[in-house]
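Here's the structure we're looking at; comments come further down.
Below, chains carry the letters A, B, ... as their sequence lines are ordered, and counting in each starts from 1.
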Amino acid sequence: MTSVAERPAGRTASGLSARARAISELTGRDRAVRAVLFVAALVPTAALAFLVYEMIKQAYPAIIFNGWSFFTTKKFTMGNLYGNVVVKHGYQAAQGADFGVLPLLFGTLVSSLIALVLAVPVAVGGAILLVEKVPARLQGALGVFLELLAGIPSIVFGLWGIYTFGPLLSRTVYRWIAALGIPWLSGSTGAGEGLLTASVVLAVMIIPIVASIARELVRSVPAVSKEGAVALGLTPTETIRFVTIPYVRTGLIAAAVLGWARALGETIAVLVISGDALNIYPHSIFDPFSTMAATIAAFLDSALTDSTGMAIHALAEVGLVLLAVTFLTNLGGRLLARRFSDAGLPVGRGV
Amino acid sequence: MPEPSTQVSYSRPVPEAGGAAQAAPEVVDAVFDIADLNFWYGANRALRDVSLRIGRQEITALIGPSGCGKTTFLRCLNRMNDLLPDTRIEGRLDFDGEPLYRPGVQAIEIRRRIGMVFQKPNPFPKSIYDNVAIAPKVNGMKVNLDDLVEESLSRAALWNEVKDKLKQSAFSLSGGQQQRLCIARTIAVKPEVILMDEPCSALDPLATIRIEELMTELKSDYTIVIVTHNMQQAARVSDRTAFFTVEDHPEGRSGVLVESGPTHKIFTAPSDQRTDDYITGRFG
Ligand SMILES: Nc1ncnc2c1ncn2[C@@H]1O[C@H](COP(=O)(O)OP(=O)(O)OP(=O)(O)O)[C@@H](O)[C@H]1O
Ligand SMILES: [Mg+2]
């Protein structure tokens with residue numbers, strides 16, 4: 001070590017040993033890297049903070065105007081935009097304006113959860129099949145197909161859902177389900193719009209997201225771990241159950257949360273398929289409903305014509321709730337993932 | 001113990017006067033009876049005409065330079081190579097007098113009777129308890145699982161270290177402990193044979209000694225076949241040794257069995273010069 005320090009030291013005019021200089025150079029570069037990383041980390045954080053601030057600012061009049069009734073009323077109506085103006089808590093609104101988020105919150109949560117329940121097993125099962133059973137040459141082609149599926153614009157999914165897939169389902173599968181007479185799963189199956197169709201289409205939309213992450217996770221399971229199970233005389237299915245799934249569990253939770261966030265925020269496809277029901281809770285899984293995101297999109301145009309501005313404020317408040325829900329699901333997913341990885345499993349990380 | 005007849009190089013590991021010296025010149029009761037075994041990876045013939053008998057309740061060491069087909073040979077014995085696409089096996093391989101590769105023989109069934117411990121510890125991503133209990137449970141063994149777990153962990157000399165944390169993840173254990181856990185999970189399914197592929201290569205000397213002691217202990221109930229690069233280890237624990245090497249043939253390089261016999265004989269009076277060169281460290 002000394003010799004290394006001495007040799008270049010002769011060439012150093014400043015009298016600093018090369019070693020000392022190397023350290024200061026390193027820390028200099030280190031500092032630069034750190035500064036860049038800091039800025040890089042700051043930008044999204046600042047953008048998010050700014051967004052939340054703007055949303056709260058926009059929603060504030062509605063928060064005061066609506067009070068708690070925002071979370072108790074079923075109705076969501078902008079009132080008579082051409083009628084009188086009423087004043088409540090110091091804020092103006094169109095007469096008859098009444099804003100309640102509950103049915104929308106319900107619609108958002110239920111549709112996204114049904115979508116998740118449908119999508120995750122299909123995506124994970126598909127990913128495992130793809131990795132374990134499909135020959136390598138076909139795997140690439142199927143992977144491209146998944147990516148293409150993920151890239152289809154959501155309006156296409158919406159139109160497909162309302163004109164093709166929904167009617168088909170309602171003529172066939174929905175009839176069979178309804179015939180079972182299970183509460184919530186019976187009644188008129190409609191023309192194919194409504195909660196279940198929207199959920200199924202959402203599921204189709206999030207399958208590629210979850211499946212492509214799941215595929216990478218399943219691929220990362222070390223072969224030697226699977227061989228350990230095979231060498232004990234476990235069947236391929238048992239090997240998947242006791243090795244592959246436990247290995248990828250934490251990663252799968254993260255993938256599911258990502259898919260869930262996509263379903264929560266999906267706007268246009270749901271708007272097209274939902275049947276656009278306002279002010280009611282669906283009475284069966286086939287009923288029309290609406291979500292927060294779809295309602296914001298549906299109302300935005302006419303809300304802009306509200307001279308009191310309250311309609312826009314109310315939509316901002318809905319947006320704020322959507323933001324909060326997305327944030328909470330993300331947090332919940334993280335906690336769940338942490339709980340699993342607390343067990344010390346190298347899940348999703350390989351070994 | 002007969003005096004070594006050849007001049008003994010100082011680097012020649014001398015087997016201890018344990019079981020090693022007592023091995024009969026020929027295998028009397030063979031668990032595996034292998035004759036003219038050939039194995040191909042695609043067009044590459046990895047094993048050429050291997051003939052070997054593996055004695056019941058003996059420890060057989062497979063030694064030889066890297067790439068000579070020890071792992072390939074070992075994995076033929078529990079049909080692990082079945083998993084690899086584009087491979088072919090030919091020749092006789094009888095297990096307990098029955099052809100192992102006869103159509104109709106269930107590989108899954110075979111692997112329950114022939115356990116395997118790998119080079120790298122590979123516990124399930126599950127609790128310590130589950131690691132031992134899963135296979136007996138799904139195999140439908142009619143036993144008290146708690147007792148079986150304790151018994152298996154005790155036999156693997158791990159019970160005292162883990163008895164208070166059975167619910168913890170197997171990954172919380174050290175490498176040596178994980179390897180003993182893998183041995184415990186292998187003996188939990190009560191196999192007849194345990195195959196070990198360099199089980200100590202990832203372990204420190206102390207952990208290695210523990211596993212070696214364990215093997216000597218398990219010998220009373222199990223047949224053990226171990227691949228090792230550690231000549232001292234082969235000399236210390238095995239009753240019989242089989243020396244493999246790579247030979248060049250017109251169609252490519254293949255692994256061949258040079259000679260096999262009681263460990264004491266192989267290490268002190270090998271009949272083939274290549275064996276002597278390898279054992280005394282004059283090889284590559
Ligand atoms: N899965 C495989 N596919 C193709 N060839 C393989 C495969 N596994 C091993 N081989 C080849 O077969 C030959 C024997 O390999 P094997 O792993 O059995 O040797 P080994 O004696 O166990 O070596 P080592 O001491 O390094 O573990 C080598 O030439 C190797 O390249
Ligand atoms: Mg090997």
Side-chain angles (χ1 to χ4, degrees), chain A residues 124 128-140 214 216-254 336-351, chain B residues 74-75 77-85 106-128 130-141 165 167-173 175 178 181-182 185-191 194-197 202:
Chain A
V124 173
I128 291 175
L129 269 183
L130 197 67
V131 175
E132 309 268 341
K133 301 277 179 235
V134 175
R137 277 170 292 117
L138 259 175
Q139 271 189 38
E216 289 314 310
L217 290 169
V218 173
R219 264 194 202 148
S220 73
V221 177
V224 67
S225 292
K226 289 186 272 186
E227 285 188 339
V230 174
L232 282 171
L234 299 195
T235 63
T237 317
E238 288 160 357
T239 304
I240 288 170
R241 179 164 154 223
F242 295 116
V243 180
T244 308
I245 303 269
Y247 249 102
V248 300
R249 191 162 45 198
T250 304
L252 283 185
I253 292 168
L336 201 62
R338 168 121 27 107
R339 209 186 75 77
F340 278 118
S341 54
D342 257 357
L345 302 183
V347 194
R349 287 186 262 132
V351 163
Chain B
L74 198 70
R75 290 167 62 102
L77 300 183
N78 66 341
R79 296 194 52 168
M80 280 303 273
N81 286 331
D82 288 17
L83 307 179
L84 302 175
Q106 292 290 317
I108 287 175
E109 210 54 55
I110 285 299
R111 294 190 196 112
R112 289 176 192 165
R113 296 170 60 192
I114 308 173
M116 186 167 217
V117 176
F118 295 77
Q119 181 169 2
K120 206 173 140 220
N122 57 351
F124 297 129
K126 293 273 196 184
S127 71
I128 294 168
D130 284 348
N131 259 276
V132 183
I134 280 174
K137 200 157 110 190
V138 303
N139 291 357
M141 282 170 68
K165 50 176 186 178
K167 292 285 156 221
Q168 277 183 28
S169 162
F171 291 99
S172 65
L173 298 175
Q178 286 186 22
L181 180 63
C182 290
R185 112 186 143 175
T186 303
I187 54 187
V189 295
K190 312 250 185 248
I194 303 177
L195 309 175
M196 298 180 159
D197 193 354

Task: chain A interface, residue from M116(B), R111(B), Q106(B) that has the most non-hydrogen pairs under 4.5 Å - done: R111(B)

TODO: Classify the angle between the aromatic ring planes of F124(B) and F242(A) as parallel (below 30°), tilted (30 to 60°) or perpendicular (above 60°).
DONE: tilted

- [ ] Measure the shortest side-chain to side-chain distance between K133(A) and P236(A) over non-hydrogen atoms and say whether it is less than 4.5 angstrom.
- [x] yes

Open item on the list: Taking side chain as everything from C-beta outward and backbone as N, CA, C, O, which of these in V189(B) sits under 4.5 Å from a heavy atom of chain A? Side chain, backbone, both or neither.
Closed with: side chain

Task: Largest heavy-atom contact set with chain A, pairs under 4.5 Å, which of R79(B), Q119(B), R75(B) - done: R75(B)

Open item on the list: Between R219(A) and E216(A), does any side-chain N to carboxylate O distance fall below 4.0 Å?
Closed with: yes

Open item on the list: Under 4.5 Å from any heavy atom of chain A, what part of L83(B) do you find: side chain, backbone, both or neither?
Closed with: side chain

Open item on the list: Looking at K137(B), I'd like to know if its NZ atom is crowded, meaning that more than 12 non-hydrogen atoms belonging to other residues, nucleotides or ligands lie closer than 6.0 Å.
Closed with: no

